[in-house]
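Chain letters run A, B, ... following the sequence lines, proteins first, then strands; residues in each count from 1. Values in this document were obtained by computation on a predicted structure and should not be read as measured data.
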Amino acid sequence: KQEVTQIPAALSVPEGENLVLNCSFTDSAIYNLQWFRQDPGKGLTSLLLIQSSQREQTSGRLNASLDKSSGRSTLYIAASQPGDSATYLCAANTGNQFYFGTGTSLTVIP
Amino acid sequence: DGGITQSPKYLFRKEGQNVTLSCEQNLNHDAMYWYRQDPGQGLRLIYYSQIVNDFQKGDIAEGYSVSREKKESFPLTVTSAQKNPTAFYLCASSHGWTLFFGSGTQLSVL
């Protein structure tokens with residue numbers, strides 16, 4: 001069964017810093033990997049989707065990379081802002097099912 | 001606006017009572033999912049449905065039931081057999097292996 005791990009569980013950074021969130025998965029046979037943002041008490045908002053054939057995707061200040069062979073994905077956030085404070089989750093898709101990490105709780109300090 | 005609507009936002013269950021969480025989507029997606037989220041844990045799959053009138057158990061289906069009579073609707077019933085129902089419940093749909101989420105329902109036990 002696919003296992004997805006996110007490290008660190010929590011991260012605090014000062015405003016303006018660049019940062020990297022990590023996601024690792026045990027089974028490299030994935031269709032895609034999706035990054036989500038979750039605010040407290042809210043649903044998940046999709047940030048980026050990387051297909052298995054892609055190496056990276058970019059949206060504004062966000063860049064996600066995928067290395068299937070090593071079972072890793074990273075989410076890079078440039079010039080962090082207080083509004084980026086949230087929990088970030090990754091999900092690996094193996095067809096019918098999606099496997100989620102436990103998330104990284106990010107706090108950006110003004 | 002297209003999206004996934006979950007209701008109610010908050011729900012309270014008395015001991016021995018069955019309660020039903022609503023999930024409606026107007027995205028014309030075939031696949032729909034129910035996840036449970038507990039603090040500090042990743043999302044766990046309860047049930048999923050790929051097409052109307054068909055659904056499969058996920059990892060933690062015991063104590064829950066679903067129906068899929070219409071493409072747009074995928075209600076989840078939390079039965080009295082679920083002894084620890086307090087959690088945040090998320091409904092999702094997918095298109096092209098991309099997941100979209102509703103805003104969630106917080107279920108608590110009185």
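- With rounding to the nearest 0.5 Å, the separation of CG in A:L44 from CD in B:Q37 is 6.5 Å.
- Counting non-hydrogen atoms of other residues, nucleotides and ligands closer than 6.0 Å to CZ of B:R44 gives a total above 12.
- More than 12 heavy-atom neighbours from other residues, nucleotides or ligands sit within 6.0 angstrom of CZ on A:R61.
- Checked against the 6.0 Å centroid criterion, the rings of A:F98 and B:Y35 do not qualify as a close aromatic pair.
- Residue contact with chain A, scored on non-hydrogen atoms closer than 4.5 Å, involves the backbone and the side chain of B:L99 alike.
- No more than 12 heavy-atom neighbours from other residues, nucleotides or ligands sit within 6.0 angstrom of CD on B:E62.
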inquiry  = Set out, in order, the CA-CA distance, both residues' side-chain angles and the distance that settles side chain to side chain contact (heavy atoms under 4.5 Å, CB included) for A:T94 and B:W97, then state yes or no.
reply    = CA-CA 9 Å; A:T94 57; B:W97 307 122; over 6 Å; no
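- Annotation for B:K70: atom NZ does not count as buried by contact number, only 12 or fewer foreign heavy atoms lying within 6.0 Å.
- By the criterion of side-chain heavy atoms lying less than 4.5 angstrom apart, applied directly or through intervening Ile, Leu, Val, Met, Phe, Trp or Tyr residues, A:L66 is grouped together with A:I77 in one hydrophobic cluster.
- A single hydrophobic cluster is seen to contain both A:W35 and A:V4, as judged by linkage of ILVMFWY side chains at heavy-atom distances under 4.5 Å, directly or through other members.
- Of all the listed residues (B:K9, B:Q50, B:Q56, B:Q106), the one sharing the greatest number of non-hydrogen pairs under 4.5 Å with chain A is B:Q50.
- Here the straight-line distance linking atom CG of B:L43 with atom CZ of A:F36 works out to 9.0 Å at 0.5 Å rounding.
- Cluster annotation: A:L48 is connected to A:L33 through the hydrophobic network of ILVMFWY side chains, with a link wherever side-chain heavy atoms come within less than 4.5 Å.
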Full working for side chain to side chain contact (heavy atoms under 4.5 Å, CB included) between A:K42 and B:L90 = CA-CA 9 Å; A:K42 306 288 187 183; B:L90 287 159; over 6 Å; no
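- Not one N or O on the side chain of A:N93 forms a donor-acceptor pair closer than 3.5 Å with the backbone of B:T98.
- Judged by distance alone, the side chain of B:Q41 and the main-chain N or O of A:T102 form no donor-acceptor pair under 3.5 Å.
- Residue contact with chain B, scored on non-hydrogen atoms closer than 4.5 Å, involves the side chain of A:Q97 exclusively.
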